[in-house]
Amino acid sequence: MTALPPQTGKTLGLVIDLDTCVGCHACVVACKGWNDQAYGAPLSDSDAYGADPSGTFLNRVHSYEVVPENGPAQHVHFPKSCLHCEDPPCVPVCPTGASYKRAEDGIVLVNEDACIGCGLCAWACPYGAREMDPSAGVMKKCTLCVDRIYNETLPEEDREPACVRTCPASARHFGDLGDPESAVSQLVAARGGIDLMPEQGTRPVNKYLPPRPRDSWSGETDVLAPFLDPVAEDPSGFLGWLDRTLGKL
Amino acid sequence: MHPARSIILFTTLSGLGFGLLVWLGIDPTPPTGWVAFVFFAIAYALALGGLAASSFHLHHRERALKAFSQWRTSWLSREAWGAAASLSVTGLYALLLLFGIAVPPLGWLGAALALATVGATAMIYAQLKTVPRWHHWSTPALFLALALTGGALLSGRVIAASAMLALSGALQLWVWWDGDKRFARSGTTLATATGLGGSGTPRALFPPHTGSNYLLDEMVYVVGRRHARKLRVIALLLMSLLPLGLLQLPHPHLFGLLALVSHATGVLVSRWLFFAEAEHVVGLYYGRR
């Protein structure tokens with residue numbers, strides 16, 4: 001049913017630390033690897049070794065530059081996958097009931113057997129979290145590795161999403177964000193975790209920890225810097241004449 | 001947004017078809033016999049042809065019947081119900097007209113259902129907060145106005161068609177003028193999308209992948225936008241001004257037909273722009289719109 005559950009038992013999701021993410025894309029590869037052989041249709045690639053390769057991914061790492069008012073630019077790696085919103089706009093638009101939000105743990109899933117591949121849910125998602133698989137013709141999205149986190153045949157330390165398990169920088173954390181005592185909730189509270197596009201009203205479960213402020217221009221100038229000051233602000237000779245003449249035009 | 005040919009054809013053709021069904025349904029002196037047959041056959045061909053075209057963008061057409069199940073939440077599902085209900089009711093109305101029996105309440109109900117179907121189609125787009133240009137009451141208003149305009153032209157109502165041509169043309173102009181400002185008005189920027197606005201001005205540095213992907217192909221369609229201004233002029237000329245002039249000439253059958261062809265072509269151009277000019281907020285993540 002595409003009606004949303006009034007509340008969910010748990011509120012499972014991810015916390016992504018933009019301060020420690022090094023942009024290695026290991027989470028992208030781990031996600032693609034696990035979802036090639038697990039839940040639902042495999043994530044396909046087209047023209048993988050040709051001139052125009054493309055593929056379906058559930059997790060992608062963007063890169064942004066942030067220029068503070070006063071300070072050097074900062075480079076931020078930005079992993080993005082489904083945020084398992086508390087009010088997911090992708091679910092109610094589904095005409096067939098293939099998209100749903102689980103009442104027990106809040107995971108947003110697609111029942112691929114009921115998906116007609118109309119693509120409306122991907123239009124409704126502001127985050128680009130859903131991608132139509134061109135070979136299976138059904139909508140793919142992050143399952144929060146629902147087939148790992150409850151899988152008792154796996155060793156206990158592996159019962160978390162593949163992206164979290166693989167992250168070498170521990171920039172990804174998994175847990176119950178509905179429980180204020182959980183490690184992830186404490187982390188969000190301590191670091192001032194934020195919602196993406198709060199104005200869209202989706203109430204995302206996944207939280208992002210903003211990068212800590214780093215360098216500033218003041219107080220860190222090298223001792224040799226004064227020697228690098230420009231010596232001649234006003235050109236003289238021929239260049240000076242050219243400058244003055246062009247200035248008069 | 002990617003202007004899929006199937007969707008453009010669907011919204012244009014079925015808009016015309018359902019528009020004609022509205023005018024036939026509220027006609028106090030409806031055609032009967034063979035004339036009724038021809039009018040309803042045209043309406044059905046357009047509405048069903050449009051619906052058939054729309055199914056071409058589904059990847060699993062064999063499961064299309066499942067789309068009737070979620071009418072409580074989904075406008076796409078409501079559209080399916082609206083189409084089925086309006087075509088059934090007007091079908092019964094038409095069948096009785098063939099034998100010369102007019103049942104006005106049945107016609108009114110059919111007309112209301114046909115309008116509701118066009119409204120539901122428009123709401124599929126208008127409900128999307130992610131596309132600020134569409135997320136507005138004017139989206140269903142314009143879809144309904146264009147359906148009624150096309151229907152009036154098809155049913156040969158010169159005065160009604162002239163009035164609707166002027167009205168829908170004016171509405172379309174305003175929708176373009178106001179639509180251009182809606183993305184900025186929505187307040188969604190790269191800063192809110194990344195949450196990085198607190199420490200400075202964010203800028204997309206490089207994309208997550210070297211090639212294209214589904215998101216960019218489907219929702220960040222920028223090809224052809226540079227001709228948007230010219231296409232707007234062409235669309236308005238064809239869909240409103242030219243047919244409005246043609247309708248005032250003598251020989252309503254010949255010039256009425258030309259007005260209809262011109263209007264339908266103009267609506268196709270306008271519908272292409274409706275998709276091609278619509279910017280999805282996901283483009284912000286890629287530093288594009």
Side-chain angles (χ1 to χ4, degrees), chain A residues 1-3 18 25 28 52-57 60-69 71 73-76 78 80 89 91-98 114-120 122-128 131-132 134 136-138 194-201 208 210-211 213, chain B residues 1 57-64 66-80 124-125 127-131 186-188 190 192-215 217-219 280-287:
Chain A
M1 262 300 164
T2 50
L18 297 178
H25 291 239
V28 178
D52 187 22
S54 70
T56 311
F57 287 80
R60 296 182 185 264
V61 181
H62 294 253
S63 291
Y64 300 103
E65 176 197 66
V66 191
V67 188
E69 285 271 311
Q74 230 179 311
H75 184 180
V76 181
F78 193 94
K80 183 164 60 62
V91 171
V93 300
C94 175
T96 67
C115 177
I116 53 173
C118 69
L120 187 56
W123 286 13
C125 172
Y127 307 108
E131 297 189 19
M132 180 95 69
V138 293
I194 53 123
D195 289 348
L196 303 187
M197 291 190 192
E199 72 283 355
Q200 287 273 336
Y208 282 75
Chain B
M1 305 297 286
H57 92 287
L58 301 181
H59 284 82
H60 285 279
R61 279 192 287 283
E62 75 281 6
R63 301 173 186 158
K66 286 185 196 288
F68 284 93
S69 67
Q70 303 300 315
W71 52 271
R72 284 186 201 83
T73 64
S74 169
W75 281 106
L76 187 45
S77 192
R78 289 172 196 161
E79 178 199 42
I124 293 172
Y125 307 108
Q127 70 178 334
L128 297 173
K129 236 180 168 175
T130 50
V131 185
S186 76
T188 300
L190 183 58
T192 71
T194 58
L196 295 172
S199 46
T201 315
R203 178 172 78 96
L205 203 55
F206 42 85
H209 39 88
T210 51
S212 189
N213 69 359
Y214 170 75
L215 300 170
D217 294 344
E218 182 76 6
M219 282 165 275
H280 193 287
V281 293
V282 76
L284 291 169
Y285 284 110
Y286 290 85

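The sequence lines fix the lettering, A, B, ..., with proteins before strands; numbering per chain opens at 1.
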message = For a quick test of reading the model, state the closest non-hydrogen atom pair linking A:A122 to B:M219 and the distance between them.
response = O-SD, 3.4 Å
I need the residue from [options] with the largest number of non-hydrogen atom pairs under 4.5 Å to chain A.
options                        : answer
B:A67, B:G200, B:S77           : B:A67
B:V131, B:L205, B:L76          : B:L205
B:A193, B:P202, B:G211         : B:A193
B:T192, B:L128, B:L190, B:L284 : B:T192

Residue selection (most heavy-atom pairs with chain B, distance under 4.5 Å) from [options]:
options                        : value
A:E131, A:K80, A:M197          : A:M197
A:P126, A:C94, A:S54           : A:P126
A:C125, A:A136, A:G201, A:P211 : A:C125
A:G119, A:P89, A:G128          : A:G128
A:V93, A:V76, A:D52, A:V28     : A:V93

Interchain contact, [X] with chain A, by part (heavy-atom threshold 4.5 Å):
X      : value
B:T210 : neither
B:A64  : backbone
B:H57  : both

Less than 4.5 Å to any heavy atom of chain B: does that hold for the side chain of [X], its backbone, both, or neither?
X      : value
A:P53  : backbone
A:Y208 : neither
A:I116 : both
A:A98  : neither

Looking at [atom1] of [X] and [atom2] of [Y], how far apart are the two atoms once the value is rounded to the nearest 0.5 Å?
X      : Y      : atom1 : atom2 : value
B:T201 : A:E65  : OG1   : CD    : 9.5 Å
B:T130 : A:Q200 : OG1   : CD    : 6.5 Å
A:E199 : B:K129 : CD    : NZ    : 8.5 Å
B:D217 : A:M132 : CG    : CE    : 12.0 Å

Can you tell me if [X] uses its side chain to pair, donor with acceptor, with the backbone of [Y] under 3.5 Å?
X      : Y      : value
B:H60  : A:A114 : no
B:H280 : A:W123 : yes
B:S69  : A:T96  : yes
A:Y64  : B:Y285 : yes

Side chains of [X] and [Y] in contact at under 4.5 Å (non-hydrogen atoms):
X      : Y      : result
A:V138 : B:H59  : no
B:Q127 : A:L120 : yes
B:N213 : A:R60  : yes
A:C118 : B:L58  : yes
A:P95  : B:S74  : yes
B:L196 : A:L18  : yes

query = Given the rule in the side-chain contact (heavy atoms from CB on, under 4.5 Å) test, do B:R203 and A:V67 qualify, once you have shown the distances and angles that lead to the verdict?
reply = CA-CA 8 Å; B:R203 178 172 78 96; A:V67 188; 5.8 Å; no
